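Model, not experiment: these values are computed from the prediction. Any value given below was found using the heavy atoms of this structure, including those in side chains, with hydrogens, waters and symmetry copies removed.
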Amino acid sequence: MNERHHTKQLPGGAWRPDPASPLPLYSQISDYFMNKITSGAWPPGTRLAPQRELCRQLGVNRSTVATALGQLTSLGLIEGRRGGGTRVADIRLAEVKTAAAGEDPDADSVSVTRSGSWNAYVEEGVHYPNLPTVQDINRLEYEQGLVRLGTGEPSPELLPGEAMTRVLAELSRQTLPPLSYEEPLGSLALRSAVSRELKKNGIQADPASILITSGALQGLQLIAVGLLPRGSTILLEKPSYLYSIHAFQSAGVKFSGLPMDKHGLRMERLAREARRTKAAMLYSIPAFHNPTGILMDARRRQELMDVTGKLGLPILEDGAYQELWLDTPPPLPLKALDREGRVLHLGTLSKAASPGLRIGWIVGPEPVVRRLADIKMQTDYGASSLSQLAAARWLEGGYHEEHLRRLRLRLRQRRDAVLELLEHHFAGLAEWNVPAGGFYIWLSLGTPVPLRTLFRIAHKAGLLLNTGDLYDRGDSRHLRLSYVYASPAELERGLPLLAGLIRRLQLSGS
C-alpha cells in the first residue's frame, strides 16, 4: 500500500496529521492506521488507545477520531470488544480496498493474508509487562511541555556535560580505542577505579569482588534470575522501588513488605517474617530510600546487621543514592559493616554522573560475582567497552568527586526551594519529609484520593506524576516528588497547580 497521507513528524518519532494538507484529517488518520495494520506493525489483537487518548496524541477532536475509526471498522480492520476496547481485527481473509481513501473503486486492492500473529505471544513471555502507569510514564516522559514532578534522574542541566566532554577528548587522543569485548567481570581498569571509590565509603572490595553491569537495574535482574529459586520470598521495605519493576516477580520471586519509620526499616517484625516466609534475602535502600527519601541511621543499620546475622539472612543493599548526601555524609553502608560476606552491594553512575553511560556494579563474594558474570555473558556479553573506558577515566581523573561537590550544592538549593513551595501551597493539605539527600520528597496527603484519577487529570493539566501506588499497591495518599528534574521555574508553576488539582479532587469526592 502506498502511503498517500501527509505526515507531521514530531520529536521522538510521534506522528500527527498535517492540518495544511488538502486531505481531510480523518482520512490522514485512517490511512496512517491502515498502513500500520497492513504492514504488520500492528498485528491482529493490537489494542488501540482509547479515543480520548488518541485525540490527545493526534491533536484532533473526538469527532475526527471517531470518523477515522469508523472507516477502519467498515473495512473490517478494527473491531470493538466488550470490556477490551478497540483492537486490530484478524484480517487474514479481509480485502482492504484503497477506495476507502477516495480512489477509483476499480483501483488496486490489497489482499492481506496472515498465518499467525505475534500478539498471541505478547502476554505469554516470562517477563511481566510494566504496570500500566509505569508504561504511561515511560512514554509521556518524552512528551514536550510536561512538567515532570516525579522523575528519578537529574535534569540535563545538572549533568556534567563539559567535564564529560573533557574526558572523551582525553580518550580520543589514545591510539587504540577498545573495540573488542571486555573480560566477564568487566574492565579491570574500571573495577580498580570502583574499588578505590568504594573504599571512600568504608567498603573494602578488590577488583575480583566487583562485577560491572549495564546500570544497577541489570544488577537486580541478574540477581533475580541467578541467585534465587522460583517461589522464594525476599523481604523489603514497604513502600519500595522494587514494587514498581518486575525483575523479581518475573523470576517467580515473591515479596513480603515490612514497615518503615523515620529511622528506616523497623526491626520488630523482621525475624518473625523471615522465619514465616523462609525468606531468601532482604532488599534494602538504606541511604535516601526510593521513594520515601528516608535515611536509615547508624544504630538501625547495626541492628539490621545483628538481626540478619542471627538469622543467616543475606542482604541486597541498593546504594544508588549513597553519595548524594546534602547535609552531612550518611552512616557507613551495610556492606562496610559486613564481615561474613552476607551483603551484596549495588552501585551506579546513573544517578550522579550519567544515566546514558549505563554503568553500574555489584560488589560481593567472588563466587557470587563470578556466577552473575557468567549470566551476564549469556545476555549481553558485557557492558559497553567504550562506556567502561569513559567511566574509568571519569573516576580515575578526579572528575567524579569534583562533580559531586557541585551537584550537592545545586541539589541542596533545589530541595530547599521545593520545601518552601510545599510550605506555602500544601500546608494543611499534606505532610512531607525533609530529605537529607537523594532525589525525593515523600508527600503524604491528609485525605486519600484515587491516584489513577489524579495521574490522569494532572497529565491533562500538563503535569507528570509518580503516584504512591507504584511503590505500594494499596496506597491512596502519597506522591513521590523529585526536585532534580523539573527546572526551578517549572516547580514554581507545577506545585501550586498540583495542590489545586488535589483540593478539587478531594472536594468532589471522586
Side-chain angles (χ1 to χ4, degrees), residues 11-14 130 134-135 137-144 146 148 150-172 174 177-179 181-182 186-187 189-191 193-194 197 210-222 241 244-245 247 290 318-324 346-362 376 379-404 406-408 410-411 414 438-440 464 466 482-487:
N130 265 324
V134 173
Q135 293 185 40
I137 290 171
N138 289 340
R139 173 174 50 83
L140 293 171
E141 281 185 332
Y142 298 94
E143 183 175 297
Q144 298 294 313
L146 283 181
R148 293 160 57 173
T151 296
E153 67 179 86
S155 67
E157 67 185 43
L158 293 176
L159 295 176
E162 292 184 7
M164 193 62 72
T165 298
R166 293 199 302 273
V167 167
L168 296 176
E170 291 174 14
L171 296 177
S172 70
Q174 294 186 3
L179 300 180
Y181 297 120
E182 296 287 355
S187 156
L190 177 54
R191 287 184 287 122
V194 169
E197 202 67 27
I210 299 170
L211 168 65
I212 301 302
T213 61
S214 300
L217 179 57
Q218 187 187 48
L220 294 173
Q221 293 167 331
L222 292 174
Y241 163 70
S244 70
I245 62 173
N290 180 7
D318 191 334
Y321 303 93
Q322 172 77 26
E323 57 192 4
L324 292 172
L346 294 179
T348 180
L349 286 181
S350 295
K351 298 304 180 184
S354 173
L357 277 181
R358 306 308 305 137
I359 292 295
W361 50 85
I362 302 172
K376 181 171 171 56
T379 56
D380 67 2
Y381 229 71
S384 162
S385 299
L386 291 171
S387 287
Q388 292 188 67
L389 181 67
R393 181 60 189 152
W394 175 257
L395 295 174
E396 291 168 348
Y399 292 100
H400 190 59
E401 193 60 44
E402 179 184 353
H403 169 63
L404 282 175
R406 295 176 180 176
L407 181 63
R408 289 180 186 125
R410 299 179 72 182
L411 291 184
R414 281 170 167 255
F439 289 175
Y440 310 116
L464 186 58
N466 282 58
S482 165
Y483 45 83
V484 301
Y485 191 85
S487 69

Side-chain donor/acceptor of Ser214 to backbone N/O of Arg358, under 3.5 Å: no
Donor-acceptor contact present, side-chain His403 to main-chain Ala352, <3.5 Å: yes
Test side chain to side chain contact (heavy atoms under 4.5 Å, CB included) applied to Leu211 and Leu222, step by step: CA-CA 11 Å; Leu211 168 65; Leu222 292 174; 4.2 Å; yes
Taking every non-hydrogen atom, the tightest pair across Leu159 and Pro355: CD2-CD, 3.9 Å
Gln221 side chain to Ala247 backbone, donor-acceptor under 3.5 Å: no
Heavy-atom donor-acceptor pair, Lys351 side chain to Gly152 backbone, under 3.5 Å: yes
Minimum heavy-atom distance Gly219-Leu346, with the two atoms named: CA-CD2, 4.2 Å
Closest non-hydrogen atom pair between Pro154 and Ser350, with its separation: CD-O, 4.2 Å
Least distance between heavy atoms, Thr348 atom then Ala216 atom: CB-CB, 4.0 Å
Nearest-0.5 Å distance, CD of residue Gln218 to CG of residue Asp380: 4.5 Å
Atom of Ser172, atom of Ala169 and distance for their closest heavy-atom approach: OG-O, 2.6 Å
Residues in side chain to side chain contact (heavy atoms under 4.5 Å, CB included) contact with Ser155, at least two apart in sequence or another chain: Glu157, Leu158, Arg414, Tyr485
Plane angle bin for Tyr321 and Tyr440 - parallel if under 30°, tilted between 30 and 60°, otherwise perpendicular: perpendicular
Spacing of Glu323 atom CD and Leu349 atom CG [to the nearest 0.5 Å]: 7.5 Å
CD1-OG1 distance between Ile137 and Thr151, expressed to the nearest 0.5 angstrom: 8.0 Å
Inter-residue atom distance Gln388.CD - Glu182.CD, 0.5 Å rounding: 5.0 Å
Rounded distance [0.5 Å steps], OG in Ser384 versus CG in Leu357: 8.5 Å
Over 12 foreign heavy atoms within 6.0 Å of CZ, Arg406: no
Side-chain heavy atoms of Leu324 within contact of Leu407, under 4.5 Å: yes
Side chain to side chain contact (heavy atoms under 4.5 Å, CB included) assessment of Leu190 paired with Leu395: CA-CA 8 Å; Leu190 177 54; Leu395 295 174; 4.1 Å; yes
Arg166 and Glu170 ion-paired at < 4.0 Å: no
Value rounded to 0.5 Å, distance of CG in Leu464 from CG in Leu140: 5.5 Å
Over all atoms of both residues, closest heavy-atom pair of Met164 and Trp394: CE-CE3, 3.8 Å
